[in-house]
Amino acid sequence: MAQTLAHMSPQSRNATHDVTNQAPPLTPYDASEDAALLEGLRREGAGWAEEDVRRLGRAAGSAEAQEWGEQANRHEPELRTHDRYGNRVDEVEFHPSWHRLMGVAVAEGLAGAPWADERPGAHVARTARGLVWGHTDAGHGCPTSMTYAAVPALRAQPELAAVYEPLLTSRVYDPVLRVPTEKRGLLAGMGMTEKQGGSDVRTNTTAATPTAEPGVYTLRGHKWFTSAPMCDVFLVLAQAPDGLSCFLVPRVLPDGGRNVFRIQRLKDKLGNRSNASSEPEFDGTVAWLVGPEGRGVKTIIEMVNCTRLDCVMMSATLMRKTLVEAGHHVRYRSAFGARLLEQPLMRNVLADLALESEAATTLTLRLAGAADRAVRGDDAESAFRRIATAVGKYWVTKRGPAFTAEALECLGGNGYVEDSGMPRHYREAPLLSIWEGSGNVNALDVLRALTRDAGTAEALFAELALAQGADARLDTAATRLKTRLSTTTESGARRLVEQMALTLQASLLVRHAPAPVADAFCASRLGGDWGYAFGTLPDSAGLDAILARALPEGD
């Protein structure tokens, strides 16, 4: 027997381990090879950034950057409360790959840089960059998002903005904790929620006590979810004598001493594991008032609007990333005598996912365009942004988990194992509908916008009117939406917002997408010719054209 084995070749001895019918590695690939993204970038006024977006897309799809994302999630952040001598330090240590991801993100303008860029479309360009760089890892998008969002809120206190804004808009990643004004760039975080209230921030119990120095307070309390605790400054809500107020809390004080920011623990989260989310305790923590006392929610709401847009962006990114992974797999994998990509039912699934992804990306860039024009004084776009961002936040983030699950299923058992990367994406998806207000919070915010903010409904219907007459199903949906607006109660808010989102997405696709894409979306999402799961598009859908657009050869 031993003699027989000795004469066998290594190939013969390992014949059962020959690897066949498996997809090759996806990397390197180009994360910017997405027609909907590039068309939206140009349409929303940031065509000047296309070369940079394409360059960043190639970098995001490189084997190196994809490995950074994998390592940052495999080697999770670690809390170090004390140094070796027993001194309280409250620091979080990250894997080097986290810092590499952050370095690129900040340098590419994904943090506060657009606020210092006067070119029209600067905020659109940032969103497009996020849509491609997000293919690497979702977790590090949290501190860059909060830094981006902190700038307009901080402007409520001009003297503080004058000091911190140039550093928050820097493209230099400087991760070491020290006096903020001595650094080359800053990151900002946010501390709103507390354990007894969550999204009901008006029930916050953290107390703010004025000191003898005007505008300076001390805080005492415990925050429940404060992500990225290694940021340099935080915008925090606390109860001042005249009510809930917004404060700027630095980790390091101007004299070089550590501010009281005791990290009680890091959250053991379902996903987003590369990013540290913490529970900090304040006890005599020094803070500077931002905006008037008692106007904390109004002051910080602009920050929330910005981060909600990023939730939409990150969900759209996750959809696109998992669609690319699924499309790559089925292009190479064969079953029942043909490649999966050639199987009619698989093509229906992929085409349905492609419609959802394009609708999400197109809406994301439209919202970014509205944000950019609102910053530059366009009142109509400001009103549209107010309602459409809440609508998009509700719907696109809600679609993410189901989408990601279906994309994972395209890989079958291969997608269920960790080293495929798909389980990480699946765990990530639910976060984006929870962060910055869960579904109910956003649905109710839409109702508030309709009743309290003059012009929001008019702005939404003005947008829909731009596609009027182009598709009968869309016209019917817009008419039905007007009727529902006058009859919806609070318990029906989700259904109203869902209808708003689908009608808005359809109108954008009718105006801007190729006819097969727009027609299939209207037939399925508005016309009722659709089932309850992805892969139930009607036989009339132009699957070949949809797939050729979404998954060009070479992906």
Side-chain angles (χ1 to χ4, degrees), residues 36 40 127 305 308-319 352-371 383-403 429 432-450 456-467 471 473-485 488 492-513 517-518 520-528 530 532 534:
T127 298
N305 285 335
R308 281 181 175 175
L309 170 58
D310 278 5
C311 288
V312 182
M313 175 191 77
M314 292 174 189
S315 285
T317 303
L318 194 57
M319 288 182 187
D352 211 352
L353 292 173
L355 290 180
E356 195 75 29
S357 176
E358 176 151 355
T361 297
T362 302
L363 178 57
T364 297
L365 290 165
R366 176 65 184 94
L367 295 177
F384 174 76
R385 175 203 184 199
R386 170 70 182 91
I387 191 167
T389 299
V391 168
K393 165 65 168 73
Y394 173 84
W395 182 244
V396 176
T397 63
K398 272 271 182 273
R399 298 297 288 157
F403 184 106
L432 297 163
S433 63
I434 297 171
W435 187 27
E436 298 304 3
S438 58
N440 285 353
V441 171
N442 278 269
L444 294 174
D445 191 40
V446 172
L447 293 189
R448 280 192 294 273
L450 291 170
T456 54
E458 290 84 351
L460 178 64
F461 283 103
E463 179 76 14
L464 299 180
L466 296 175
D471 188 286
R473 295 158 297 193
L474 175 57
D475 291 344
T476 299
T479 301
R480 185 168 58 239
L481 181 58
K482 286 183 179 179
T483 302
R484 187 175 292 279
L485 274 180
T488 295
R494 282 186 173 221
R495 191 167 182 181
L496 171 68
V497 178
E498 176 180 317
Q499 189 173 336
M500 282 182 169
L502 291 172
T503 308
L504 178 56
Q505 286 182 320
S507 73
L508 291 169
L509 295 180
V510 164
R511 290 166 57 200
H512 305 303
V517 172
F521 190 91
C522 289
S524 56
R525 275 64 170 176
L526 300 183
W530 200 31
Y532 292 101
F534 287 108

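Source: prediction; values computed, not measured.
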Colleague: Of all the heavy-atom pairs spanning F403 and L353, show the shortest one and how long it is.
Modeller: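 Where F403 meets L353 most closely, the heavy atoms are CE1-O, 3.0 Å.
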Colleague: Tell me, with the steps shown, if T476 and L526 meet side-chain contact (heavy atoms from CB on, under 4.5 Å).
Modeller: CA-CA 9 Å; T476 299; L526 300 183; over 6 Å; no
Colleague: Are N440 and R494 packed together at the side-chain level, in the sense that at least one heavy-atom pair is separated by less than 4.5 angstrom?
Modeller: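 They are in side-chain contact.
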Colleague: Looking at T488, T456, L460, which hits side chain to side chain contact (heavy atoms under 4.5 Å, CB included) with L450?
Modeller: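 That would be T456; it is the only one of T488, T456, L460 passing the side chain to side chain contact (heavy atoms under 4.5 Å, CB included) with L450.
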Colleague: Using a 4.5 Å cut-off on heavy atoms from C-beta on, say whether the side chain of R399 contacts that of M319.
Modeller: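 When only atoms from C-beta onward are counted, R399 and M319 do touch, with a gap below 4.5 Å.
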Colleague: Is there a side-chain contact between V510 and F521 in this structure, where contact means two heavy atoms from C-beta onward sitting under 4.5 Å apart?
Modeller: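 With C-beta onward as the side chain, the pair stays apart.
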Colleague: With side chains defined as the heavy atoms from C-beta onward, is the minimum distance between E463 and R511 less than 4.5 Å?
Modeller: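 Sidechains of R511 and E463: in contact.
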Colleague: Any idea which heavy atoms bring K398 and G439 closest together, and the distance?
Modeller: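 Scanning both residues completely, I find the closest heavy atoms to be NZ-CA, 4.0 Å.
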Colleague: Starting at CH2 of W395, measure out to OG of S433 and round the result to the nearest 0.5 Å.
Modeller: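 Reported to 0.5 Å precision, the distance equals 12.0 Å.
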Colleague: For the residue pair R525 and R473, establish whether any side-chain heavy-atom pair is separated by less than 4.5 Å.
Modeller: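 A side-chain contact under 4.5 Å is absent here.
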Colleague: Hey, what do you get for CG (L508) to OG1 (T361), rounding to the nearest 0.5 Å?
Modeller: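 The distance works out to 12.0 Å.
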Colleague: When rounded to the nearest 0.5 angstrom, what is the spacing between CG in L481 and CE in M500?
Modeller: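 Taking CG in L481 and CE in M500, the distance rounds to 5.5 Å.
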Colleague: Looking only at heavy atoms, what is the nearest atom pair of A390 and V446, with distance?
Modeller: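 In this case the closest contact between A390 and V446 is CB-CG2, 3.7 Å.
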Colleague: Between M313 and D310, is there a side-chain heavy-atom distance shorter than 4.5 Å?
Modeller: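 The answer is yes; the side chains approach within 4.5 Å.
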Colleague: Tell me, do K482 and T479 make a side-chain contact under 4.5 Å, heavy atoms counted?
Modeller: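 Contact flag for K482/T479 side chains = no.
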Colleague: Say whether, by atom type as modelled, one donor and one acceptor occur between the side chain of T389 and the main chain of R385 under 3.5 angstrom.
Modeller: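 Such a contact is found between T389 side chain and R385 backbone.
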Colleague: Would you say W530 and D352 are linked by a side-chain donor-acceptor pair, where the criterion is simply a distance under 3.5 Å?
Modeller: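 The criterion, which ignores hydrogens and geometry beyond distance, is satisfied for W530 and D352.
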Colleague: With rounding to the nearest 0.5 Å, note down the distance linking CG in L432 to CE in M314.
Modeller: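 One gets 7.0 Å once the value is rounded to the nearest 0.5 Å.
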Colleague: Looking at L504 and L464, what are the two nearest heavy atoms and their distance?
Modeller: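 Closest approach of L504 to L464: CA-CD2, 3.7 Å.
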Colleague: State, to 0.1 Å, how close L363 and G392 come at their nearest heavy-atom pair, and which atoms those are.
Modeller: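 In this case the closest contact between L363 and G392 is CD2-CA, 4.0 Å.
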Colleague: Are any of the side-chain heavy atoms of L496 and L447 separated by less than 4.5 Å?
Modeller: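 SC-SC contact between L496 and L447 confirmed.
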Colleague: To the nearest 0.5 angstrom, please state how far the CZ atom of R386 sits from the CZ atom of R448.
Modeller: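 Answer for the CZ-CZ pair, R386 versus R448, is 7.5 Å.
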Colleague: Show the nearest heavy-atom pair for residues A506 and C522, with the distance to one decimal.
Modeller: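 It is CB-SG, 4.0 Å.
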Colleague: Working to the nearest 0.5 Å, report the span between CD of E458 and CD1 of I387.
Modeller: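 That separation rounds to 9.5 Å.
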Colleague: Quick one: do N442 and R308 satisfy side-chain contact (heavy atoms from CB on, under 4.5 Å)? Show the steps, please.
Modeller: CA-CA 10 Å; N442 278 269; R308 281 181 175 175; 3.4 Å; yes
Colleague: Working note: R484 + E498, criterion salt bridge (Lys or Arg N to Asp or Glu O under 4.0 Å); need CA distance, chi angles, decisive distance, verdict.
Modeller: CA-CA 12 Å; R484 187 175 292 279; E498 176 180 317; over 6 Å; no
